[in-house]
Amino acid sequence: MTKILTLGANGQLARNTTKAFLETTHVELTLYLRRASRLSNPAPDRVTIVEGDVNDNALLRNAMRDQDVVYANLAGDMAREATSIVAAMQSAGLKRLIFISSMGIYGEVPGETYRSVLDPYRDSAAIVERSDLDYTILRPGWFTRTPKSRIQITQKGEPFHGHDISIDSLSSLIVSLATTSGLHVRESIGVSDA
Ligand SMILES: NC(=O)c1ccc[n+]([C@@H]2O[C@H](COP(=O)([O-])OP(=O)(O)OC[C@H]3O[C@@H](n4cnc5c(N)ncnc54)[C@H](OP(=O)(O)O)[C@@H]3O)[C@@H](O)[C@H]2O)c1
């Protein structure tokens, strides 16, 4: 059974993706978040909840024991968080990382200039890219609550296509990445509705 560790599990996208994992796969989930009392366990037979900050290195390393995939759904001081995640994964011998970033971190969105609000996303992505992990960095457009539909993917170095993305499409992509060996490994991909 694939075991997935979600970091920042109370985030909007993380909660949506937990639902998608439970509805469409048989994976086991560990949900790692600050102030865990905010989250009730949606499926105690398949879900473990761990209270913790990603910057707590010892706790994070402990939570990574016996996991197969790390799905990082974070915000805030993301460079520090990425450094902590990479170190903990290396020390736990874990390779597969799905890391949520944002469109625009390479100045790749046509007609939009790079904004400093993206610095934490750009800097954390660079830390992940410099690691030897089997990462996939996701650069989604703006989340919407529109129904799941076809998506378009662009690679690093290409202009970003589109603008918005259905959060259900994004969750579905994260599920595929976590459960399909080799899918978009060591890629930083832009994602939007087609
Ligand atoms: N919304 C959009 O349209 C859009 C578009 C592109 C990219 N993004 C980015 O995609 C990411 C995921 O989106 P989202 O909507 O799920 O964001 P979100 O709701 O803000 O979730 C981010 C989560 O990260 C957690 N977090 C931050 N620092 C942490 C730490 N040190 N340790 C543990 N947890 C920590 C927060 O926990 P607390 O609840 O404890 O604060 C929060 O639950 C975000 O970075 C967002 O900016 C969003």
Side-chain angles (χ1 to χ4, degrees), residues 4-21 29-40 42 48-64 67 70-89 97-109 112 114-128 135-146 148 151-154 156 160-175 177-178 188-193:
I4 295 165
L5 173 65
T6 301
L7 306 177
N10 200 43
Q12 176 192 201
L13 174 60
R15 279 183 279 113
N16 201 65
T17 306
T18 293
K19 199 161 155 272
F21 273 125
L29 295 172
T30 298
L31 305 179
Y32 187 101
L33 71 156
R34 302 186 286 202
R35 294 193 287 127
S37 60
R38 290 177 293 173
L39 203 64
S40 61
T48 305
I49 295 180
V50 174
E51 178 166 288
D53 190 304
V54 163
N55 296 318
D56 182 335
N57 301 64
L59 197 61
L60 185 61
R61 227 177 306 125
N62 212 31
M64 285 187 180
Q67 301 290 342
V70 177
Y71 156 41
N73 191 107
L74 296 164
D77 187 351
M78 292 182 68
R80 184 172 173 210
E81 291 154 18
T83 302
S84 181
I85 292 166
V86 170
M89 287 185 70
L97 171 65
I98 299 161
F99 191 88
I100 307 303
S101 183
S102 173
M103 70 171 173
I105 61 168
Y106 308 120
E108 78 279 22
V109 182
E112 288 187 14
Y114 179 84
R115 292 168 297 124
S116 58
V117 70
L118 291 171
D119 286 357
Y121 296 88
R122 178 198 62 189
D123 296 347
S124 54
I127 289 163
V128 170
Y135 66 80
T136 304
I137 295 168
L138 289 182
R139 291 177 282 116
W142 288 108
F143 306 168
T144 67
R145 288 282 168 189
T146 52
K148 196 160 93 174
I151 58 168
Q152 50 188 344
I153 287 178
T154 48
K156 182 176 181 181
F160 191 89
H161 292 167
H163 195 269
D164 295 343
I165 172 112
S166 147
I167 194 168
D168 286 338
S169 298
L170 194 51
S171 289
S172 177
L173 175 62
I174 293 164
V175 168
L177 290 169
S188 168
I189 54 176
V191 195
S192 68
D193 289 333

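First listed ligand is number 1; within each ligand, the first listed atom is number 1.
Defined by atom type and a distance below 3.5 Å, a donor-acceptor pair is present between the side-chain atoms of Tyr71 and Asn73. Between the side chains of Tyr106 and Ser188, at least one donor N or O lies within less than 3.5 Å of an accepting N or O. For the residue pair Ser166/Asp193, the side-chain donor-acceptor check at 3.5 Å is not satisfied.
Side-chain contact between Thr144 and Ile167 is absent, with no heavy atoms from C-beta onward closer than 4.5 Å. When side chains are defined from C-beta on, Ser84 counts as touching Leu60, because their heavy atoms get closer than 4.5 Å. Between His163 and Glu112, some side-chain heavy-atom pair lies under the 4.5 Å cut-off. Put simply, the side chain of Leu173 reaches to within 4.5 Å of the side chain of Val191, judged on heavy atoms. Within the 4.5 Å cutoff, side-chain heavy atoms of Ile85 are placed close to those of Phe99. Residues Thr136 and Ile189 have side chains in contact (heavy-atom distance under 4.5 Å, counting atoms from C-beta outward).
Here the heavy atom of the protein found nearest to atom 21 (O) of ligand 1 is Gly11 CA, 3.2 Å. What sits closest to atom 12 (C) of ligand 1 on the protein, heavy atoms only, is Asn73 ND2, 3.4 Å. In terms of protein heavy-atom proximity, atom 20 (O) of ligand 1 is nearest to Ala75 CB, 4.3 Å. The shortest contact between atom 29 (C) of ligand 1 and any protein heavy atom is with Arg34 CZ, 3.5 Å. Among protein heavy atoms, the minimum distance from atom 5 (C) of ligand 1 is reached at Gly141 O, 3.2 Å. Residue, atom and distance of the protein heavy atom nearest to atom 19 (O) of ligand 1 are Gln12 N, 2.9 Å. Scanning the protein for heavy atoms near atom 31 (N) of ligand 1, the closest one is Asp53 OD1, 2.9 Å.
For ligand 1, the polar-atom distance check against Leu74 finds a nitrogen or oxygen pair separated by under 3.5 Å. The N/O atoms of Phe143, backbone and side chain alike, include one that comes under 3.5 Å of an N/O atom in ligand 1. Considering backbone and side-chain atoms alike, Gly52 places every N or O at 3.5 Å or more from each N or O of ligand 1. Polar contact with ligand 1: absent for Ile100 (N/O pair, distance under 3.5 Å). When only interatomic distances are considered, the shortest N/O to N/O separation between Ser102 and ligand 1 does not fall below 3.5 Å.
Ligand 1 lies within reach of Tyr121, whose nearest heavy atom is under 4.0 Å from it. Under a 4.0 angstrom heavy-atom cut-off, Arg38 registers as being in contact with ligand 1. In this structure, Glu81 is part of the shell of residues with a heavy atom less than 4.0 angstrom from ligand 1. A heavy-atom separation below 4.0 Å is not found between Leu33 and ligand 1. Taking a 4.0 Å cut-off on heavy atoms, Ala9 fails to register as neighbouring ligand 1. Every heavy atom of Gly76 sits 4.0 Å or more from the atoms of ligand 1.
Scanning all heavy atoms of the two residues, the minimum distance from Gly52 to Leu59 falls at CA-CD2, 3.5 Å. Closest of all the heavy-atom pairs between Gly190 and Phe160 is CA-CE1, 3.7 Å.
Looking at Glu108 and Lys156, no side-chain N of the basic residue comes within less than 4.0 Å of a carboxylate O on the acidic one, giving no salt bridge.
Atoms of ligand 1 lying under 4.0 Å from at least one heavy atom of Asn55, given by number and element, are 31 (N). Interface of Ser101 with ligand 1, defined as ligand atoms under 4.0 Å from a residue heavy atom, comprises 7 (C), 9 (C), 10 (O). Atoms of ligand 1 lying under 4.0 Å from any heavy atom of Val54, numbered from 1 in the order shown and given with element: 30 (C), 31 (N), 32 (N), 33 (C).
Contacts between Leu7 and ligand 1 below 4.0 angstrom, taking non-hydrogen atoms only, are absent altogether.
Put simply, the side chain of Arg61 never gets that close to the backbone of Ala88: no donor and acceptor are under 3.5 Å apart.
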